[in-house]
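A short worksheet on the structure shown next.
Every chain is numbered from 1 and lettered A, B, ... according to where its sequence line falls, protein lines coming before strand lines. The shown structure was predicted, so the numbers you read here are calculated from the model rather than taken from an experiment.
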Amino acid sequence: MPDGRPFYITTPIYYVNDKPHIGHAYTTLACDVMARFMRLDGRRVHFLTGTDEHGQKVEKSAAAAGVAPLEFCDRVSEQFRELARVLNISNDDFIRTTEQRHIAACQALWQRLIDRGEIYLGSYAGWYSVRDEAFYTEADLIDGNAPTGAPVEWVEEPSYFFRLSAWGDRLLEFYDRNPGFIGPDSRRNEVVSFVKSGLRDLSVSRTSFTWGVPVPNDPAHVMYVWLDALTNYITAVGYPDVDSESYKTFWPANLHVVGKDIVRFHAVYWPAFLMAAELPPPQGVFAHGWWTNEGQKISKSLGNAIDPYDLIESYGLDQTRYFLLREVPFGQDGDFSQKAMVNRINADLANNLGNLMQRVLSQVQKNCAATAPTIGVLTAEDEALLAQARSLLPALRAAMEKCELHQALAQLWAVSDAANLYIDQQAPWTLKKTDLVRMATVLGVLVEVIRILGILVQPVMPDAGAKILDQLAISVDARDFAAIASGPIAAGTPLPAPQGVFPRIETKPIETAKA
RNA sequence: GGGCCCGUAGUUCAGUUGGUUAGAACGCGCCGCUCAUAACGGUGUUGUCGUCGGUUCGAGUCCGGCCGGGCCUACCA
């Protein structure tokens with residue numbers, strides 16, 4: 001069980017030039033759900049998140065804040081750690097690109113690429129705008145000026161290049177052989193057409209600033225931030241020690257979850273870098289979408305960012321986790337609204353699952369002497385409901401495999417629906433007057449279904465899942481997926497008095513939009 | 001400009017390789033139940049499946065035009 005098949009999943013490392021917001025929370029949450037699922041399913045999981053700390057922007061931001069770059073990074077990186085704590089994220093490691101282990105990994109990878117002739121020294125030339133601190137291509141220019149209107153000058157500077165142009169065909173072949181490498185399909189199409197349109201060599205060093213990983217044997221250059229950043233995924237499992245236990249176990253990663261804005265870096269550059277270094281590319285890259293807030297695009301100018309801390313405070317942690325993953329098909333854009341949030345919480349959590357538990361357990365409490373009911377002869381209806389609940393695990397595995405987190409939740413709730421229907425049809429409150437043995441069987445079947453739901457809901461709602469299982473007096477070592485098969489709680493096991501797990505929201509939605 | 005995707009009930013969306021009366025959830029109306037967090041169950045409700053035309057015995061499901069919307073089109077990350 002603990003030494004099951006490895007599963008290595010990563011969030012992107014978050015750029016410290018930005019404060020944590022809903023987008024970061026969402027990505028990390030999705031990874032956490034998959035990581036927890038796999039762990040409960042007996043897989044050996046390595047779940048990585050962290051911060052990306054180099055680059056010109058960070059150097060500038062630090063200067064603006066009047067602190068040294070590393071000190072600046074320390075502060076912001078800590079905010080991301082804090083977010084992970086508050087979200088109850090189960091990451092196994094938190095990497096920072098300023099760590100020594102990472103710098104060593106980057107330099108080792110670089111050297112390997114140099115040795116193979118995949119990186120060469122050339123010069124980067126283009127129209128540079130001092131005001132924008134950016135290069136523009138000929139096509140970008142408008143009337144000889146930058147698109148921003150700033151004046152530009154022709155600049156050439158020495159730069160190392162990665163021979164990306166040589167990898168187009170091999171990338172296409174790789175995508176072809178691994179149809180599941182990029183998800184969802186729409187992103188895959190984009191990436192394929194991007195690669196088909198032809199790749200140019202990639203400038204992978206900079207001389208215009210110093211806050212980065214020094215290029216080996218050429219201290220005037222620091223590495224291009226994406227080469228640096230992407231390498232974190234192998235740093236964290238021990239690279240360059242490819243003989244290490246962790247590297248051998250976890251590389252290649254099973255899944256890099258990313259926002260849709262950084263698909264190209266993960267699905268094109270990263271596998272190219274790795275293949276060029278003769279290292280195996282990751283097995284999957286999945287891009288999720290963006291949130292809008294009450295129908296509006298989130299932007300700094302509108303000041304309508306969604307603060308994850310506000311959501312948690314207003315609605316509860318597990319409620320927030322549930323909403324973000326249930327409301328929108330994973331991979332698509334979605335809209336956050338107070339109304340939708342309250343609706344999900346009340347309809348799915350309070351009315352459906354929460355109330356199911358409450359009505360079952362309160363009857364058990366009153367009519368079964370507060371002990372687990374004795375299950376007698378099963379009818380076809382009993383068998384059908386139990387079979388439906390027991391078929392969840394394989395169905396959820398399939399959904400997880402495809403990153404269909406919303407589908408997994410929909411399936412869970414379909415069983416909760418079925419249980420609500422079953423209890424109405426069986427009417428144990430009527431059986432109480434006519435057939436106590438049958439009543440116990442009905443309640444016993446329901447308790448078993450709730451047990452299974454409680455176990456399976458843990459990846460998304462760890463606390464709520466624990467509360468559900470606490471109320472069924474399930475010991476902590478009987479809460480993984482393997483325990484599903486071990487069957488109902490022994491009849492006669494004392495059960496505590498039921499307590500509501502998911503309260504309804506009766507009041508008006510609370511204001512969470514941050515100005 | 002080139003490429004990809006989408007437009008289905010009030011809302012959010014499902015709709016395998018074209019095939020009987022187009023589905024789900026939420027919302028809403030009515031009925032039932034009373035164990036339960038005024039929750040649950042039953043039942044009903046509305047759709048020219050964006051639009052025009054084509055292929056076909058038959059198209060939401062394939063082809064083309066048009067309208068509307070979104071995304072990608074590399075070196076800030």
Side-chain angles (χ1 to χ4, degrees), chain A residues 12-18 52-60 124 126 132-137 139 159 161-162 164 184-206 208-209 224-229 260-265 268-269 287 289-290 326-329 332-335 337 339-340 343-344 346-367 406-407 410 413-414 416-417 419-432 439 442-443 446 498-506:
Chain A
I13 46 176
Y14 301 120
Y15 202 50
V16 292
N17 205 40
D18 206 358
D52 180 12
E53 309 188 1
H54 288 131
Q56 190 167 26
K57 282 193 179 180
V58 175
E59 191 177 80
K60 273 190 63 181
Y124 185 76
D132 299 342
E133 293 183 331
F135 275 95
Y136 294 101
T137 65
S159 171
F161 284 83
F162 171 70
L164 184 63
D185 290 342
S186 54
R187 298 297 157 203
R188 180 191 155 77
N189 292 344
E190 285 176 6
V191 168
V192 168
S193 74
F194 174 78
V195 174
K196 276 188 177 160
S197 74
L199 297 174
R200 302 201 290 268
D201 286 353
L202 186 68
S203 167
V204 289
S205 75
R206 299 287 186 272
S208 52
F209 61 94
Y224 171 48
V225 187
W226 271 107
L227 176 55
D228 165 355
K260 64 182 183 181
D261 56 328
I262 55 175
V263 172
R264 198 178 61 235
F265 302 99
V268 181
Y269 300 171
W290 296 142
R326 173 64 245 252
E327 180 69 5
V328 176
Q332 291 181 206
D333 289 347
D335 183 51
S337 73
K339 191 179 162 205
N343 194 45
R344 282 288 172 202
N346 283 348
D348 296 356
L349 299 183
N351 296 352
N352 197 319
L353 180 58
N355 185 55
L356 171 70
M357 270 188 68
Q358 191 70 23
R359 62 200 304 211
V360 170
L361 295 183
S362 70
Q363 288 179 79
V364 167
Q365 194 70 200
K366 283 185 279 191
N367 305 327
H406 64 294
Q407 270 299 333
W413 260 260
S416 186
D417 277 338
N420 273 313
L421 175 56
Y422 170 88
I423 194 172
D424 255 52
Q425 290 173 340
Q426 301 299 321
W429 48 91
T430 303
L431 293 169
K432 178 182 145 192
M439 178 201 75
V442 167
L443 292 176
L446 285 161
Q499 292 176 343
V501 175
F502 301 112
R504 274 182 69 85
I505 296 178
E506 301 290 1

Atom-pair distance ([atom1] on [X]; [atom2] on [N]), nearest Å:
| X | N | atom1 | atom2 | answer |
| --- | --- | --- | --- | --- |
| Arg504(A) | rU37(B) | CZ | P | 12 Å |
| Phe194(A) | rC4(B) | CZ | P | 17 Å |
| Trp226(A) | rC75(B) | CH2 | P | 14 Å |
| Trp413(A) | rA25(B) | CH2 | C1' | 14 Å |
| Gln425(A) | rC40(B) | CD | P | 15 Å |
| Asp424(A) | rU34(B) | CG | C1' | 9 Å |
| Arg344(A) | rC26(B) | CZ | P | 9 Å |
| Asn343(A) | rG27(B) | CG | C1' | 8 Å |

Quick one: label [X] by what it contacts on the DNA or RNA (base, sugar-phosphate, nothing), any heavy atom closer than 4.0 Å.
| X | value |
| --- | --- |
| Asp52(A) | sugar-phosphate |
| Asn420(A) | sugar-phosphate |
| Lys196(A) | nothing |

Phosphate contact ([N] OP1 or OP2) by [X] side-chain N/O below 4.0 Å:
| X | N | result |
| --- | --- | --- |
| Gln407(A) | rA25(B) | no |
| Lys339(A) | rG27(B) | no |
| Arg264(A) | rU73(B) | yes |

I'd like the P distance from rA59(B) over to rU21(B), given in whole Å. 11 Å

Between rG50(B) and rG70(B) - C1' atom distance, rounded Å: 15 Å

